[in-house]
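In what follows, chains carry the letters A, B, and so on, assigned in the order in which the sequence lines appear, proteins first and then strands, with residues in each chain numbered from 1. These values consider heavy atoms only, across backbone and side chains, with no hydrogens, waters or symmetry-generated copies.
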Protein chains: 2
Amino acid sequence: MTTETDTDAADHTPRMAARRQAMIDAAAAIFFEHGFERASLSAIVRRSGGSLSTLYQLFGSKEGLFEAMITQRCAEIMEPLTAPRPPDQCPRETLTRIARGLMGVLMDPEAQGLWRMVMGEGIKFPHLPEIYFRCGPDPVQAAMTRYLGDLHERGIVRCPDSTAVANAFCGMMQSDLFYRTVTGMRAGPDAAEVERHIQKMVDLVMRMLAPG
Amino acid sequence: MTTETDTDAADHTPRMAARRQAMIDAAAAIFFEHGFERASLSAIVRRSGGSLSTLYQLFGSKEGLFEAMITQRCAEIMEPLTAPRPPDQCPRETLTRIARGLMGVLMDPEAQGLWRMVMGEGIKFPHLPEIYFRCGPDPVQAAMTRYLGDLHERGIVRCPDSTAVANAFCGMMQSDLFYRTVTGMRAGPDAAEVERHIQKMVDLVMRMLAPG
DNA sequence: TAAAAACTGTAATGTACGTTACATTATCCT
DNA sequence: AGGATAATGTAACGTACATTACAGTTTTTA
């Protein structure tokens with residue numbers, strides 16, 4: 001039940017470390033496709049190579065494997081969002097770049113699998129949304145809040161409540177386009193359609209920020 | 001597999017109709033709490049009264065029961081969103097009313113259970129997001145688009161792309177407040193906090209719509 | 001009220017899967 | 001090379017649950 005001694009996970013040998021990684025990769029593929037319940041450990045082992053025995057030695061349980069996978073993958077998937085930003089562009093360009101990063105992640109199939117799990121099974125696994133928000137939305141919104149607050153203080157835009165605007169902007173990106181894709185109602189849109197959406201939303205947020 | 005002859009479901013007798021409804025109610029509670037996979041039919045019958053035999057006679061399968069439940073509940077849950085709107089308020093008041101309706105549904109525990117299923121298991125059950133969007137987001141956004149387009153043509157607000165604004169507005173409502181509640185990261189916010197959020201978002205969208 | 005139909009409770013069946021045990025094979029160290 | 005250790009493949013165990021079968025009970029109907 002309790003995963004107290006998680007971090008030991010004796011991957012002493014380099015061979016074992018490779019197995020461990022292969023299993024995490026396979027787990028990501030299977031879990032993100034089927035969700036936690038429907039994912040079968042045998043299917044994961046079939047894909048990763050190795051054996052159930054090794055899996056249990058390394059991760060202890062299905063949940064152990066799941067957490068190890070999530071902890072590693074979350075950061076990787078979100079990485080484009082926390083990349084350092086080139087300084088001193090005009091606000092519209094900076095916002096466009098942020099929006100492109102967001103949409104890139106939102107439209108990535110693996111990230112969508114993660115999102116489905118966070119939203120669908122987060123209640124069952126409190127660690128899951130915790131890790132997710134810490135790696136993804138939290139830093140993005142914090143950075144954006146700081147950025148907008150800064151622009152406001154320098155009188156470049158009017159944004160007395162930068163937290164609210166950052167919040168709104170992130171929400172705006174998750175439009176129909178995203179929801180219908182993540183639920184499988186429509187195929188992933190092509191780059192042009194995504195770009196059109198980005199432009200519209202940036203236009204709107206720029207109007208929000210107009211002085212006066 | 002295929003649920004061809006769904007609609008027959010011989011609830012001839014009034015007693016059977018009552019059972020049917022009780023089972024749908026119990027199914028809603030259990031499915032929304034645990035999700036499709038984790039929900040157990042025995043648990044549903046335990047709650048509804050009646051028997052597994054009757055359940056199978058009425059619904060044919062677990063999926064049959066699920067679809068019957070979703071079809072009925074979706075419309076009910078979303079009902080506040082499609083209520084007719086009193087005419088001729090000022091835009092800010094109308095938008096506030098729409099926002100209150102949206103947040104009311106978004107924060108409703110049963111609706112959150114539905115939302116978790118749509119997002120988490122929608123890929124597995126294409127009917128689910130289909131029904132959901134048809135009952136919820138689609139009519140709301142359509143009505144809002146029409147409303148904004150109308151205001152634009154009458155020169156009351158500046159909104160050349162009312163679809164985009166309606167889309168953005170619905171997205172803005174789903175802020176951290178919602179995501180953290182629906183994932184169980186935080187308790188449901190009190191009415192005051194929700195109202196504050198509504199006011200902020202309406203303020204922002206009004207800025208979007210400012211002429212000039 | 002008695003036969004027919006509808007409904008219920010319980011148990012049986014089959015399956016899928018998490019987890020463990022064990023015998024076999026490959027790898028590493030001296 | 002040869003013994004110790006690590007890793008694998010397979011199968012067994014226990015459980016949970018969807019689905020079905022059936023015998024008993026209630027409700028309806030004539």
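Non-hydrogen atoms lying under 4.0 Å from DNA chain C are contributed by A:A39, A:S40, A:L41, all within residues 34-42 of chain A.
Aromatic rings from A:F125 and A:F66 are positioned such that their centres are separated by under 6.0 Å.
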- Task: Given side-chain contact (heavy atoms from CB on, under 4.5 Å), test B:M172 with A:N167 step by step and report yes or no.
- Result: CA-CA 7 Å; B:M172 286 162 64; A:N167 217 322; over 6 Å; no
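Atom CG in A:L65 sits roughly 10 Å away from atom P in C:dT19 (whole-Å rounding). Spacing between atom CE of B:M16 and atom C1' of D:dT27 amounts to 13 Å, rounded to whole angstrom units. As a whole-Å value, the separation of B:R20 CZ from C:dT8 C1' is 19 Å. Atom pair B:R46:CZ and C:dG9:C1' shows a separation of 13 Å (rounding to whole Å applied). Atom CD1 of B:I44 is separated from atom P of D:dA16 by 18 Å (rounded to the nearest Å). When rounded to the nearest whole Å, the span between CG of A:L58 and C1' of D:dA6 equals 11 Å. Rounded to a whole Å, the CG atom of B:L55 is 15 Å from the P atom of D:dC17. As rounded to whole Å, 14 Å separates atom P of C:dT19 from atom CZ of A:F59.
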Atom pairs and distances, side-chain donor-acceptor, residues 110-118 of chain B, under 3.5 Å, sequence neighbours left out:
from   : atom 1 : to     : atom 2 : distance (Å)
B:E110 : OE2    : B:R73  : NE     : 3.2
B:Q112 : NE2    : B:L106 : O      : 2.8
B:R116 : NH1    : B:V182 : O      : 2.9

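Between A:Q141 and A:F133 there is no side-chain heavy-atom pair separated by less than 4.5 Å. Using a 4.5 Å cut-off on side-chain heavy atoms (C-beta onward), A:M23 and A:T54 make contact.
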- Indicate for each nucleotide in nucleotides 21-30 of chain C, in 5' to 3' sequence, whether protein heavy atoms under 4.0 Å reach the base (B), only the sugar-phosphate (S), or nothing (-). B-----S---
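In the set C:dC7, D:dA7, C:dG18, D:dA7 carries the atom at the smallest distance from any side-chain atom of A:Q57. Which of C:dT20, D:dA7, C:dT8 sits closest to the side chain of A:Y56 comes down to C:dT20.
Nucleic acid contact class of B:G50 (heavy atoms, under 4.0 Å, all strands): sugar-phosphate only.
A sub-4.0 Å separation between OP1 or OP2 of C:dT8 and a side-chain N or O of B:T54 is present.
Considering OG1 of A:T183 and CG of B:L128, their distance stands at 9.0 Å, rounded to 0.5 Å. Atoms CG and CE, on A:L102 and A:M78 in that order, are 10.0 Å from each other to the nearest 0.5 Å.
A:S162 and A:H152 form no side-chain donor-acceptor contact under 3.5 Å, judged by distance and modelled atom types alone.
A distance-only check finds a donor-acceptor pair linking the side chain of A:K62 to the backbone of A:F36 [under 3.5 Å].
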